[in-house]
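Below is one structure; the comments refer to it alone.
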2 protein chains.
Amino acid sequence: MGNARARNGGKRARVTLHEVAEEAGTSRSTASRALGGHGYVAEHIRERVRAAAERLGYVPDVSARTLKGRSSRVIGLLVSDLRNQFYAQLAAGVEQTLSAAGYQVVLVDDHGSEERAADGARAFLAMRADGVLLAPVGRPATEVLVEHGTPVVEVDRRSGVRGCDAVAIDSESGSRAAVEHLLELGHRKIAVVVDETKWATGKDRLKGYRAALREAGVPYSRRRVLDLGLRLGPRPGTDDEDDAGGTGAEDGTGGPDDMADTYSGDPGDGGRDPAGAVAALLDADPDVTAVFAANNVVAELVWQVLKQRGAAVPEDYSVVSFDDQTWMRMVEPKLTAVRQPVYDMGRRAAALLLERTGGGPSRSQSHILQPELVVRGSTAPPARG
Amino acid sequence: MGNARARNGGKRARVTLHEVAEEAGTSRSTASRALGGHGYVAEHIRERVRAAAERLGYVPDVSARTLKGRSSRVIGLLVSDLRNQFYAQLAAGVEQTLSAAGYQVVLVDDHGSEERAADGARAFLAMRADGVLLAPVGRPATEVLVEHGTPVVEVDRRSGVRGCDAVAIDSESGSRAAVEHLLELGHRKIAVVVDETKWATGKDRLKGYRAALREAGVPYSRRRVLDLGLRLGPRPGTDDEDDAGGTGAEDGTGGPDDMADTYSGDPGDGGRDPAGAVAALLDADPDVTAVFAANNVVAELVWQVLKQRGAAVPEDYSVVSFDDQTWMRMVEPKLTAVRQPVYDMGRRAAALLLERTGGGPSRSQSHILQPELVVRGSTAPPARG
DNA sequence: CTGTTAGCGCTTTCAG
DNA sequence: CTGAAAGCGCTAACAG
């Protein structure tokens with residue numbers, strides 16, 4: 001164990017390699033080799049050095065080591081809200097594989113602010129992080145990092161910045177599966193509530209929703225789409241009616257902005273009141289028999305609004321969530337949900353980053369994981385409509 | 001913005017202060033002063049250096065800075081399970097105040113292993129962390145850190161190691177409030193399920209339970225106490241009956257091990273099956289009308305076991321949880337719970353650590369936060385018994 | 001006000 | 001196999 005530097009009040013003056021060497025009666029270089037396990041060192045010397053280090057409670061200084069040129073053994077992790085279970089699980093997965101590989105995880109929570117994200121990125125650079133994992137944040141952070149040649153893996157999102165890897169869920173197909181399930185049950189007026197549609201994740205979920213409708217020949221209506229997020233601005237005037245499936249020019253292949261016409265102007269809510277917006281959505285279209293919540297936060301909101309207005313699930317409304325969290329298995333009825341292997345996603349992303357960090361610069365790759373629809377009690381054939 | 005080092009393939013050879021100085025036509029020290037904002041530098045020079053730095057995409061190297069003697073601006077955070085919302089919230093709070101103060105958070109999740117905790121502690125030392133926050137983990141980690149003179153704040157637990165601060169919830173009084181509430185409703189046979197009783201947290205919760213019973217003159221029975229945790233070993237033979245309140249020598253003041261006699265030998269379950277153990281507890285004493293779950297994990301378990309056996313809440317069993325998590329507000333009926341300000345606890349702990357880090361060595365202090373009982377639908381007067 | 005000089009603690013040639 | 005020497009990038013005296 002080595003009871004270390006109990007003397008001296010405990011503070012000040014860490015034990016340095018110099019002192020260890022002295023204690024062992026060798027030079028610093030030899031001590032370094034002995035401890036580091038590199039190069040040739042006589043076995044008995046090695047032992048003596050080890051003993052000395054132990055006795056003195058020596059802990060190598062990573063700053064010095066890093067400065068000298070080796071890697072920092074630090075990986076940055078940027079998430080947008082640790083209080084959201086999704087990110088917490090992600091972080092847990094990341095930490096797990098990284099620490100097993102001998103890396104330290106520096107955590108930054110940007111609380112959804114691009115500015116803080118960029119600051120975090122800068123901090124990672126300053127620490128000479130060997131790589132960075134980025135969960136949903138703005139482009140700037142990614143850009144700074146990539147620009148400086150730091151390996152980056154984006155998780156659960158693709159910013160579109162060139163030169164970084166990504167690990168993500170296939171949002172479109174997950175979302176499509178969810179909506180198909182609803183359609184198969186006989187639902188036709190299906191509302192969708194989404195957090196944001198600025199990034200690929202939200203866009204894709206909406207895309208999957210539309211695709212499912214289109215394939216089933218069910219008309220799509222913007223009135224049933226609620227984008228809670230920081231939208232790019234409500235598009236004026238166009239609060240139109242049902243337009244048949246194939247109408248738009250968009251399809252699965254479209255460019256980055258082909259979903260632009262899906263942003264819903266807020267139909268009645270004061271603006272900054274999500275619960276109110278959901279209620280308004282439901283009020284505006286009494287024919288809606290099912291709600292698809294595009295992530296766990298939104299699902300929570302929908303669930304609460306439904307409970308609050310005394311709506312029965314699945315009798316009055318079927319509900320499906322994208323992302324399967326604890327509470328969804330605790331409530332009655334349990335929620336049908338698109339389960340994403342979040343923890344594993346974290347692990348995968350970390351592993352990918354490590355690979356990238358170690359190996360040379362190969363071409364960037366994306367791992368797309370398939371989600372799985374778990375059918376539970378919150379979905380049933382429509383009782384009305 | 002500074003488009004930085006787009007040349008050169010992006011990798012290798014970070015921009016150093018030396019290059020910035022060269023670009024600005026000054027010496028490194030002047031450049032350092034200009035950027036750091038210390039000492040005297042002519043305004044126009046300062047501007048020129050700043051511009052150069054910007055142009056080159058200079059990012060200072062913290063290793064060098066740290067090595068030179070300044071602080072690392074790194075704080076270590078050790079939690080035992082990030083997937084547990086409790087710790088995730090704690091971490092979020094910690095990160096929040098720390099990053100606001102310009103510190104970087106290095107996160108380690110020990111998954112309940114003392115060994116990994118100790119390794120994490122060692123890593124923090126190696127990084128010359130300015131301080132460390134420890135959420136439930138074994139003593140060794142705390143000891144190593146304190147021994148080396150690193151400021152430590154323990155969160156939600158007190159290891160008993162001298163020389164570190166602590167921020168915790170008053171588990172005993174919270175727990176007492178929960179049980180008193182049950183008693184007031186008329187419950188007499190109240191089961192308690194606890195995660196562990198090795199550490200202060202679990203011990204105190206049990207203590208509060210006993211105290212409430214004693215004060216109400218309600219007999220205490222070991223049969224209604226289930227310790228799921230890594231117990232210190234089941235005590236042989238003594239699976240006895242109700243013993244009146246004041247019987248034991250224990251009271252609120254006791255030494256560290258005065259709860260030793262409350263560890264329940266497992267009455268019927270295979271040993272490693274928590275759900276089975278809860279079920280067995282309920283089966284063993286049909287008179288039980290209420291269950292007190294000593295933390296969110298246990299509450300989840302209890303809730304599921306109850307649902308599974310078709311028991312109605314609160315008709316068949318009243319349920320109270322220590323710790324109020326999302327799902328408890330989503331289920332029907334909503335759970336009565338002892339709410340702890342977890343996020344704030346994280347913030348407080350971080351603030352305390354910063355204080356300690358900055359100021360000199362004052363005497364160690366503990367902040368004990370008061371929890372609050374939130375009464376909801378899961379508790380009602382007993383329908384039987 | 002600015003440049004020169006010394007290292008911080010460690011690893012790594014390069015001789016011995 | 002071991003030691004001496006040279007820095008990694010930065011800052012902090014201390015002279016100019």
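Fair warning: this is a prediction, and the values are worked out from it, not measured in the lab. Naming convention: chains lettered A, B, ... in sequence-line order (proteins, then strands); numbering from 1 in each chain.
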- prompt: How many Å lie between CG on Leu67(B) and P on dC8(D), as a whole number?
  reply: 13 Å
Positive for side chain to side chain contact (heavy atoms under 4.5 Å, CB included) with Leu98(B), one of Leu77(B), Leu353(B), Val74(B), Leu133(B): Leu133(B)
Taking N or O atoms only and anything under 3.5 Å, show me the protein contacts with nucleotides 3-6 of chain D, one pair per line.
{"residue": "dG3(D)", "atom": "OP2", "partner": "Ser27(A)", "partner atom": "N", "Å": "3.3"}
{"residue": "dG3(D)", "atom": "OP2", "partner": "Ser27(A)", "partner atom": "OG", "Å": "3.4"}
{"residue": "dG3(D)", "atom": "OP2", "partner": "Thr30(A)", "partner atom": "OG1", "Å": "2.7"}
{"residue": "dG3(D)", "atom": "N7", "partner": "Arg33(A)", "partner atom": "NH2", "Å": "3.0"}
{"residue": "dG3(D)", "atom": "O6", "partner": "Arg33(A)", "partner atom": "NH1", "Å": "2.9"}
{"residue": "dA4(D)", "atom": "N7", "partner": "Ser29(A)", "partner atom": "OG", "Å": "3.4"}
{"residue": "dA4(D)", "atom": "N6", "partner": "Ser29(A)", "partner atom": "OG", "Å": "3.1"}

query: Taking CD from Glu43(A) and P from dT2(D), how many angstroms apart are they, rounded to a whole number?
result: 10 Å
- prompt: Do Ser72(B) and Asp130(B) get their side chains close enough for a donor-acceptor pair, meaning under 3.5 Å?
  reply: yes
Thr66(B) and Ser63(B) side chains, donor-acceptor separation under 3.5 Å: no
- prompt: Given Ser27(A) and Thr30(A), is the side-chain hydrogen bond (donor to acceptor under 3.5 Å, both in side chains) satisfied, shown in steps?
  reply: CA-CA 5 Å; Ser27(A) 68; Thr30(A) 302; 3.1 Å; yes
query: So, is Tyr58(A) close to the dC10(C) phosphate, meaning a side-chain N or O under 4.0 Å from OP1 or OP2?
result: yes
query: Reckon Thr16(B) has a side-chain N or O less than 4.0 Å from the OP1 or OP2 of dC10(D)?
result: yes
field: Separation of atom OH in Tyr40(B) from atom P in dG3(C), rounded to whole Å
entry: 17 Å
field: Distance in angstrom units between Arg14(A) CZ and dC10(C) P, rounded
entry: 11 Å
Stacked cation flag Arg33(B) on Tyr40(B), 6.0 angstrom / 45 deg: no
query: Under 4.0 Å between a side-chain N or O of Ser32(A) and OP1 or OP2 of dC10(C)?
result: no
- line: Comparing nearest nucleotides in DNA chain C, the 5'-proximal residue of the pair Ile45(B), Arg65(A) is Ile45(B)
message: Output the rounded distance in Å from CD (Glu22(B)) to C1' (dG9(D)).
response: 15 Å
task: Under the salt bridge (Lys or Arg N to Asp or Glu O under 4.0 Å) rule, what do Arg122(B) and Asp119(B) come out as? Steps first, then yes or no, please.
output: CA-CA 5 Å; Arg122(B) 223 120 37 205; Asp119(B) 285 349; 3.2 Å; yes
task: Starting from P on dC1(D), measure out to CZ on Arg46(A) and report it in whole angstrom.
output: 10 Å
Rounded distance in Å - CG (Leu125(A)) to C1' (dG9(D)): 16 Å
message: Walk me through whether Asp61(B) and Arg128(A) qualify under salt bridge (Lys or Arg N to Asp or Glu O under 4.0 Å).
response: CA-CA 7 Å; Asp61(B) 186 317; Arg128(A) 301 302 183 248; 3.3 Å; yes
- prompt: Rounded to the Å, how far apart are His18(B) NE2 and dG3(C) P?
  reply: 13 Å
